[in-house]
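Below is one structure, written out as structure tokens, with a few remarks after it.
Residue numbering restarts at 1 for every chain, and letters A, B, ... go by the order of the sequence lines.
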Amino acid sequence: MSEAIKIKLSKKDLESDQDVRWCPGCGDYAILATVQRTLAQIGVKRENTVFISGIGCSSRFPYYMNTYGFHTIHGRAPAIASGLKVTRPDLDVWVITGDGDGLSIGGNHMIHALRRNMDLKIILFNNQIYGLTKGQYSPTSAPGTRAPSTPTGSIDHPLNPISLALGAGATFIARAVDTDAKLMGTILQEAYTHKGAVFIEMLQNCPVFNDGVWDGVKGDPVGKQITLVDGKPLVFAGGTKGIKLGPGLVPQIVDVGNGPGQTPPSEILVHTERGSGLYAHLLAQLAQPEFPIPMGVLYRNDKPTYGELAIQQIDDAIARQGKGDLDKLMYSGMVWEVGADGTRH
Amino acid sequence: MSEAIKIKLSKKDLESDQDVRWCPGCGDYAILATVQRTLAQIGVKRENTVFISGIGCSSRFPYYMNTYGFHTIHGRAPAIASGLKVTRPDLDVWVITGDGDGLSIGGNHMIHALRRNMDLKIILFNNQIYGLTKGQYSPTSAPGTRAPSTPTGSIDHPLNPISLALGAGATFIARAVDTDAKLMGTILQEAYTHKGAVFIEMLQNCPVFNDGVWDGVKGDPVGKQITLVDGKPLVFAGGTKGIKLGPGLVPQIVDVGNGPGQTPPSEILVHTERGSGLYAHLLAQLAQPEFPIPMGVLYRNDKPTYGELAIQQIDDAIARQGKGDLDKLMYSGMVWEVGADGTRH
Amino acid sequence: MDTKHLDRVVIRFAGDSGDGMQLTGTEFAKAAAEAGNDISTFPDFPAEIRAPAGSLFGVSGFQLHFSSSEIHTPGDAPDVLVAMNPAALKTNLKDLVDTGTLIINTGAFIEANLKKAGYAANPLEDGSLDKYKVHAVDINHLTMAALDGSELSNKDKGRAKNFFALGLVFWMYGREPESEIRRIHQQFTKKPAFGEANVKVFKAGYHYGETAEVFQTVYKVPAATFQPGMYRNITGNEAIALGLIIGAELAGKKLFYSGYPITPASSILHSLAKYKNFGALTFQAEDEIAAMGAAIGAAYGGSIAVTASSGPGIALKGEAIGLAIMTELPVVVLNIQRGGPSTGLPTKTEQSDLSQALYGRNGEAPMPVLAARSPGDTFYCAIEAVKIATRYMVPVMLLSDGYIANGSEPWQLPNLATLPRFDVIHRTDPSNYFVYARDQRTLARAWVTPGTPGLEHRIGGIEKDALTGNISYAPDNHEKQTRVRAEKIQRIAQEIGELDLAGGESGDVLVIGWGGTYGALRQAQQQLAAQGKQVSHAHLRWISPLEPGLAKIIKNYKRVIVAELNMGQLRQVIRATFLVDAVGLNKIQGLPFKVREVVEAIENQLVPQPTESTAVAPKPLAIA
Amino acid sequence: MDTKHLDRVVIRFAGDSGDGMQLTGTEFAKAAAEAGNDISTFPDFPAEIRAPAGSLFGVSGFQLHFSSSEIHTPGDAPDVLVAMNPAALKTNLKDLVDTGTLIINTGAFIEANLKKAGYAANPLEDGSLDKYKVHAVDINHLTMAALDGSELSNKDKGRAKNFFALGLVFWMYGREPESEIRRIHQQFTKKPAFGEANVKVFKAGYHYGETAEVFQTVYKVPAATFQPGMYRNITGNEAIALGLIIGAELAGKKLFYSGYPITPASSILHSLAKYKNFGALTFQAEDEIAAMGAAIGAAYGGSIAVTASSGPGIALKGEAIGLAIMTELPVVVLNIQRGGPSTGLPTKTEQSDLSQALYGRNGEAPMPVLAARSPGDTFYCAIEAVKIATRYMVPVMLLSDGYIANGSEPWQLPNLATLPRFDVIHRTDPSNYFVYARDQRTLARAWVTPGTPGLEHRIGGIEKDALTGNISYAPDNHEKQTRVRAEKIQRIAQEIGELDLAGGESGDVLVIGWGGTYGALRQAQQQLAAQGKQVSHAHLRWISPLEPGLAKIIKNYKRVIVAELNMGQLRQVIRATFLVDAVGLNKIQGLPFKVREVVEAIENQLVPQPTESTAVAPKPLAIA
Ligand SMILES: Cc1ncc(C[n+]2csc(CCOP(=O)(O)OP(=O)(O)O)c2C)c(N)n1
Ligand SMILES: Cc1ncc(C[n+]2csc(CCOP(=O)(O)OP(=O)(O)O)c2C)c(N)n1
Ligand code: SF4
Ligand code: SF4
Ligand SMILES: [Mg+2]
Ligand SMILES: [Mg+2]
């Protein structure tokens, strides 16, 4: 990412001159505002910031950012962003996608970009629906979702975006809900400083086609979510409840405390952003309705990025063979001369 | 799957009249022979058995089976097989793919077929290379693989096929190496009886472009693999060593026994095919060189298949609305009559 | 209060995406149909789901043409414009005929909205509307007034205002309010409170027209005369879905439909998903490639396999369509065209995917291509596509477009009993079966499906032996198979009926068209023929193979015009095939032809003039 | 022992995929080139990596044409066939000229192999080879004998037998063995034991020829005369890789190449991956769509972005190519064509992706298309593609094919210093910048890359305003932009030089060709012209836009033949553009034209005859 000299920026500086075209009440507005505010706080260079998206309501995002932006085609943003980032390491490249764009048609590019640890900051707007095409179910829709293409309910088992990202090899994984501006902001700050493949699942409400899908996950005190803090135990409901690992590697909800029938804090799992892959999978599997859903930074891991390694290989080659000599290159292999007499010498 | 009336079949009955066109010594021969032998032992109906493949050396497989076969296009076999299976539940549909066909270009169809729990038996021939196109590295190639397209070594982090399948939602996951005909046979037998998305990773040797990639994983006694037995502890090296779950959810190799510095058998993890998802992820993460690699049936889970549910919905609709009446359908909506006088009545 | 008789009226309802203009238009269209008019509709909505209120890009429009005589188009220009807010007025006024009637919801003409619409001054006050018959009505206020005392929230009350407009026009055109009231109640059985409110407001609008002396005249458009029979109002996507259901029935097979949502094709999937009790299995795939793949798998298994998309999705299916061509499996591919290239104009209409349909695959990969001409025609085209695909063992591309997909017309219901069946027979006889042995007449290979004992065989995308179907790299075999695949497509000509030609078999100008432009082209030809002009119109259903009828007549005209909503894609085929110096009438604006545009273009060709040079790559004849 | 002088020789080496025939052929070609002959080679190998030994489908062949005068093709039919086993004899004998020379490795003619090759009787004994000059040599045995006492395993010893054959032909054609011996040692520096063995066997073969009195004659093919200059032997894929490196250099930019492996394009990626020290960044993507996507991203960032594939992969790229067209970004797309449709004939050559290149995308999506004519020409075409893409801000499709990609010829090395540069300038001036403001001459928009302060802007695949580039659904704007995108392609004509025409600007027959058929067409024209026939040959480099030079002359000939390795794809364009009744010379066998085939086809047109009816869709003129 470009070294961010602190230039004073306001949210306004990051707003483009385009009218925002989302439906009134769409969760996308809140995410947009938070991104604009956070980038202003960070003081990014607008000219070195690029937003690349696919197709979908969420993918209209780049038009509204007063930075460079590319609204590409359905599902291909991670591939296009990869080509840009490896050739232009000086840029901050953000990818905006949706649950359909990024996990249905674009699922393969997504996992391969993550696998390569491309230095991209990918934000997936998960509204569990295809908004732009008027409300068909998506790969994250709950089983039984009634939508125009599934009037009697969807029958496929949804994907868990966090599990998929983890399995694919993302090195920074986080989750927040569109109504929690504060948490979104913190996550974006952290994501900005991470070198490597960032995957953020933004739980986004689509009031028109899937209103209230995320109502169930809002609120830590009421025991619907766990707000993750690195090094702190996995507790919720005001600290009265916690998660421990039960027999057969099955997570359990327990009452925290030293009283009878309670579990001592020492046995509660402690959140570790840089924890083991298995621990991260445990977090990924904590899902509604059985469990409160973890919010915040779930996983972090520092690995060289594809871009760094690619450029390293070029530098090494130059160090080893010297900067390429074009004439040498042309004259390599069996070369001979034909003289003025037209025959070979 | 078609109810298998036991008709006596020999391996020969499952061999087509086509010359097998793999390189001498290719691991594909052993897998082919085992599939033919096992299906003969099961006594399948050849006419109800279909092999569908993509493109690659491995994908030539269907030509050699004396069953129905479809050699399709690169990466799309799971999608094509899905269309066949949902419309023809009476057939046994096998999918043959490779690490490039199934995880590179075809990765998205793979995860979505698994997610939907399509009743397909998918066998992925993993030779960690693109054989048919002469040896480029694949998504499963070890980092640093030197291949025609990566003369100074590959730089992307490989995918773990088992983790991916698990994350996507496969309901039967197994692994074997091409030299272990016995284990391949058992797995195929088990897979045949499973209803739902089967994912089998066959570790296959490509003597021409990637010779010996799997030499390191052969042999339980020497501690290079764990042969999984449902209900039995995760031990290897002749039972002298085992796997236990260490602090921070990190698996550990320990000496098994009650002596000093040894770990009592009771603390060794016990293999459970129908275990928790987290346990399955633990198995998936046991990889060379730190760990011996688990062979056999890693995971099993019974869920309704996409096909069952789709047909259920049709039956329910008929039960609810009665068998569709075409005239009613045509005459639905606002219908009016124009009389002989050409005007509306 | 006098009554004026009109032959035809074109009315357009325009307002915010949230104002319910599509519903208002649809309901008024029903009333016109009910009253026995011929009708044609043209919904025109923005790409945004619900753009912010009052914005220019958020305006949604619905145009209705109703008439006492036969019509083919939604009309060139509205005689009446209902504008629910300033943005709607701003974006639609230019289309209104001079001296046209304007019904304006003054309640929405507040400072904020005027600003959003970019009006410096209020057009209601600056005299800029003087040349029109303006009816300024505060619909917002009157709606609220009508619902005074209702327990609905003000927001919900406001939602009802489109019913006021509907009531008003019901009165203006002397429509029977009763059946509409019934329909409203039906539609809101689940929310009776809303039903009540909407009816109240609808009546209020109706009575306002009656009482407010501003409306001195009631216009009556007498009933049109039709072929005797049963009719319903239908859109192209509804009809194509029905055609697929019936097509599968006529083939005696089950329907499998796989698709990935895309505008304007999605609603076909939505319709078919409701027809489960007809045994139709629908599959929403992860992308278009998978949708095509699943269709190929279903076809291999013996189903009537169909997939649909629009331009970008069809581009993605190209490689897999090639597999269906090589393995000779019957799959029907629907392309509901929209504006391109790339994402283009997703909600606008265009005919620019013809070349892609003909050539958008690697290698020599010819496939049959036909195009539907009107909403109702998509029904018959779907059936024909199923018939040809199964009879010739080949994937078939059926082209429709956003205009006929969403547009509607009164449609005479066919008598199903009279539709010819084409039952599929799958070969089951193992005795000397060869996978690529062909039928003498159709050149089709036998459709053998898995599950058939003794016929086990293997197929694939590599070139196959002309008889056994085994992999073959033999040079002569490849040439032979390539030519057979091409010849098979040509043979389909034997299934194609008479060319649809209006006007003489010779004359001054022949206009050739295809697909959704039928209405405008035919109407233009009729106008000019009525003036005694030697103008004919040939409308193609089949482009590959090219309709055989064309060859017989195309050289009999002084001028040939190929009219299409693209840069000249059919024109290229016509010129190459017949070496005729056909000129192009081309419009690439995301909109259908206006009859006037076609008439002018033909008249230009009627006055002798040098035809454009053809020494350069075809340059289309642009229209004003 | 006498010496016979020949003008030219065509020799083919044929054996198992494992027999090393490609190496043998390549080495013998080097020797011919070294001796100053003009050469042309044609490797022809199976789709299988290493098919089982002795199988018919496992036969791998390498044909070499070397000559004392200028040649353009690897020769119609071999004068000499080296057959290492029965399968090789069986599959190749039919091509050998009557009275041709046969060198047969009798050691491989054992029962088992004869059976695998489908020989009932041993052709060496049943007299079926009587009409040929047969040299029966037990190469297997002689190889073993030569390595008697070597510490290599018998398997490894056997591997050396191709060097025996090589030595033998070295002697037959009086080639200098020394430098070959040097080359062998170099190639095996890592495994000296093998090097030693191969040299031993090579010498044994050479001396066998010398001593065994069966070979009475040594044939000498004198050196050809060439343009003075530096030369190297090069294949099409090697040359295209060099062209990309140099093209980027001439543009003053970095090269980014993304690809997904596919025959016959993969080796370009392999070459470029070795050029890291030239700053070339190569990316093996997860599929072709991602490869095209990554190229678009790199172009957006300011790199010279290139992606390559073959037919099936290009089909997959279609939608993304449309995005590059809409956003007007420079990407070079290489299609190394192979036999289609679908997977088709992966290792065989064909020209059947022209239509796909021209039309294989949704909407009106024209793009420039050019084609390389020979291995060396791919170098210049690659440079030209980079130049046009960056100068006109458009994706460019460059067509090559398996024949020129793998075939080789002596290539005169250009003097890099004399190649004109076309340095790219990225706009950095923010003062009144409009994203879609265009250059007057090229109609290109400015190439502004991220990282430029003050020029932040947004682009995308939805139609854009003709000036600001903001989303626009305005009808007139769409028509305007569509026409500008088309006009931009036509403007490229101003960059195209003289038409390559051999023969008069008028005459009896004009043969029009494009791409890899150049050699056969040009040689046929030369033959007939030498006989005084009024035959000309125009070879097109640019198909979109069509070479302007063609319009001037095409009407000056009695007959026009369009010769292509497809069913008539260019012919369709020629007929539509010029309304000329061009007939087709079409071959779809996975093989290049033979000069004889072209000559015969032209002669057919020279005798007056009714030209085929053109009232039906173009039917090509088949060749015997
Ligand atoms: C190739 C292609 N296929 C399909 C479409 C139609 N389409 C546009 S957006 C979309 C899905 C959008 O869903 P999601 O990614 O969840 O975004 P959301 O609108 O919900 O924010 C689809 C199917 C398209 N534009 N291009
Ligand atoms: C669309 C398309 N892209 C690329 C190819 C070229 N191709 C054929 S097989 C293959 C990869 C094969 O690797 P894998 O799936 O691992 O099979 P293996 O040969 O190793 O068994 C590729 C890239 C193709 N045939 N089609
Ligand atoms: S449809 Fe849903 S996701 Fe799309 S803009 Fe409207 S509210 Fe937002
Ligand atoms: S290349 Fe490798 S994988 Fe392919 S057939 Fe040969 S040995 Fe097997
Ligand atoms: Mg969504
Ligand atoms: Mg492989």
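- Per-residue counts of heavy-atom pairs under 4.5 Å with chain A were compared for I462(D), I296(D), L416(D); the largest is that of L416(D).
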Show your working on side chain to side chain contact (heavy atoms under 4.5 Å, CB included) between Y331(A) and L413(D) and close with a plain yes or no. CA-CA 8 Å; Y331(A) 282 61; L413(D) 287 158; 4.1 Å; yes
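- Judged by distance alone, the side chain of R344(A) and the main-chain N or O of E34(D) form a donor-acceptor pair under 3.5 Å.
- Between chain A and the options L242(D), I289(D), I245(D), N233(D), the largest number of non-hydrogen pairs under 4.5 Å is found for I289(D).
- Heavy-atom pairs under 4.5 Å with chain A were tallied for G36(D), G297(D), S258(D), G279(D); the largest tally goes to G297(D).
- Within the structure, the side-chain hydrogen bond (donor to acceptor under 3.5 Å, both in side chains) test picks out the following pairs touching residues 315-327 of chain A (sequence neighbours left out): Q312(A)-D316(A).
- Atom NZ of K253(D) sits in a crowded spot, with more than 12 heavy atoms from other residues, nucleotides or ligands closer than 6.0 Å.
- Within the 4.5 angstrom heavy-atom criterion, atoms from both the backbone and the side chain of K30(D) approach chain A.
- Residue contact with chain A, scored on non-hydrogen atoms closer than 4.5 Å, is absent for A417(D).
- Comparing S332(A), S16(A), P78(A) by heavy-atom pairs within less than 4.5 Å of chain D, the highest count is held by S332(A).
- Residues Y275(D) and L329(A) have side chains in contact (heavy-atom distance under 4.5 Å, counting atoms from C-beta outward).
- Between chain D and the residues I318(A), L326(A), T72(A), the largest count of heavy-atom pairs under 4.5 Å involves L326(A).
- Only the side chain of Y306(A) comes within less than 4.5 Å of a heavy atom of chain D; its backbone N, CA, C and O stay farther away.
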Can you give the donor-acceptor pairs under 3.5 Å from side chains of residues 445-460 of chain D to other protein atoms, not counting sequence neighbours?
| unit_1 | atom_1 | unit_2 | atom_2 | d |
| --- | --- | --- | --- | --- |
| R445(D) | NE | T327(D) | O | 3.0 |
| R445(D) | NH2 | T327(D) | O | 3.0 |
| W447(D) | NE1 | A299(D) | O | 3.0 |
| T452(D) | OG1 | T449(D) | O | 2.5 |
| E456(D) | OE1 | G454(D) | N | 3.3 |
| E456(D) | OE2 | E47(A) | N | 3.3 |
| E456(D) | OE2 | G454(D) | N | 3.4 |
| H457(D) | ND1 | L455(D) | O | 2.8 |
| R458(D) | NH1 | M65(A) | O | 3.2 |
| R458(D) | NH1 | T67(A) | O | 2.8 |

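- Heavy atoms of S53(A) lying under 4.5 Å from chain D are absent altogether.
- Most heavy-atom pairs under 4.5 Å with chain D: of the set G75(A), G333(A), A317(A), A113(A), this distinction falls to A317(A).
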So R76(A) and M292(D), side chain to side chain contact (heavy atoms under 4.5 Å, CB included) or not? Walk me through it. CA-CA 10 Å; R76(A) 318 304 174 185; M292(D) 183 65 205; over 6 Å; no
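- Taking the side chain as every heavy atom from C-beta outward, L281(D) and Q313(A) never approach each other to under 4.5 Å.
- For A224(D), the part sitting under 4.5 Å from any heavy atom of chain A is the backbone (N, CA, C, O) and nothing else.
- Between M330(A) and M230(D), every side-chain heavy-atom pair lies at or beyond the 4.5 Å cut-off.
- The side-chain heavy atoms of K254(D) and T87(A), taken from C-beta on, include no pair separated by under 4.5 Å.
- Contact of L255(D) with chain A is not made at all, since no heavy-atom distance falls under 4.5 Å.
- Top candidate by heavy-atom pairs under 4.5 Å with chain D, chosen from G322(A), G324(A), S82(A), is G324(A).
- Counting heavy-atom pairs closer than 4.5 Å to chain D, the top-ranked of the candidates T343(A), I73(A), I111(A), V93(A) is I73(A).
- Neither the backbone nor the side chain of N415(D) comes within contact range of chain A; no heavy atoms are under 4.5 Å apart.
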Residues V86(A), F283(D); criterion side chain to side chain contact (heavy atoms under 4.5 Å, CB included); working and verdict: CA-CA 9 Å; V86(A) 295; F283(D) 176 61; 5.8 Å; no
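- Using a 4.5 Å cut-off between heavy atoms, E319(D) touches chain A through backbone and side chain atoms alike.
- Proximity of the aromatic rings of Y68(A) and Y300(D) is defined here by a centroid distance below 6.0 angstrom, and this criterion is not met.
- Heavy atoms closer than 4.5 Å to chain A are found nowhere in A295(D), neither backbone nor side chain.
- Listed options Q227(D), R232(D), R183(D), Q412(D) were ranked by heavy-atom pairs under 4.5 angstrom with chain A; first place goes to R232(D).
- Looking at every heavy atom in both residues, A340(A) comes nearest to P228(D) through CA-CG, 3.9 Å.
- At a 4.5 Å heavy-atom cutoff, the contact between F256(D) and chain A is made by side-chain atoms alone.
- One finds a salt bridge joining E286(D) and R116(A) here, because a Lys/Arg side-chain nitrogen approaches an Asp/Glu carboxylate oxygen to under 4.0 Å.
- Contacts of V50(A) with chain D are made by side-chain atoms alone, with heavy-atom separations under 4.5 Å and no backbone atom involved.
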Quick one: do I314(A) and N277(D) satisfy side chain to side chain contact (heavy atoms under 4.5 Å, CB included)? Show the steps, please. CA-CA 6 Å; I314(A) 289 179; N277(D) 60 326; over 6 Å; no
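- A donor-acceptor pair is defined here as one N or O able to donate and one able to accept, closer than 3.5 Å; such a pair exists between the side chain of R88(A) and the backbone of G301(D).
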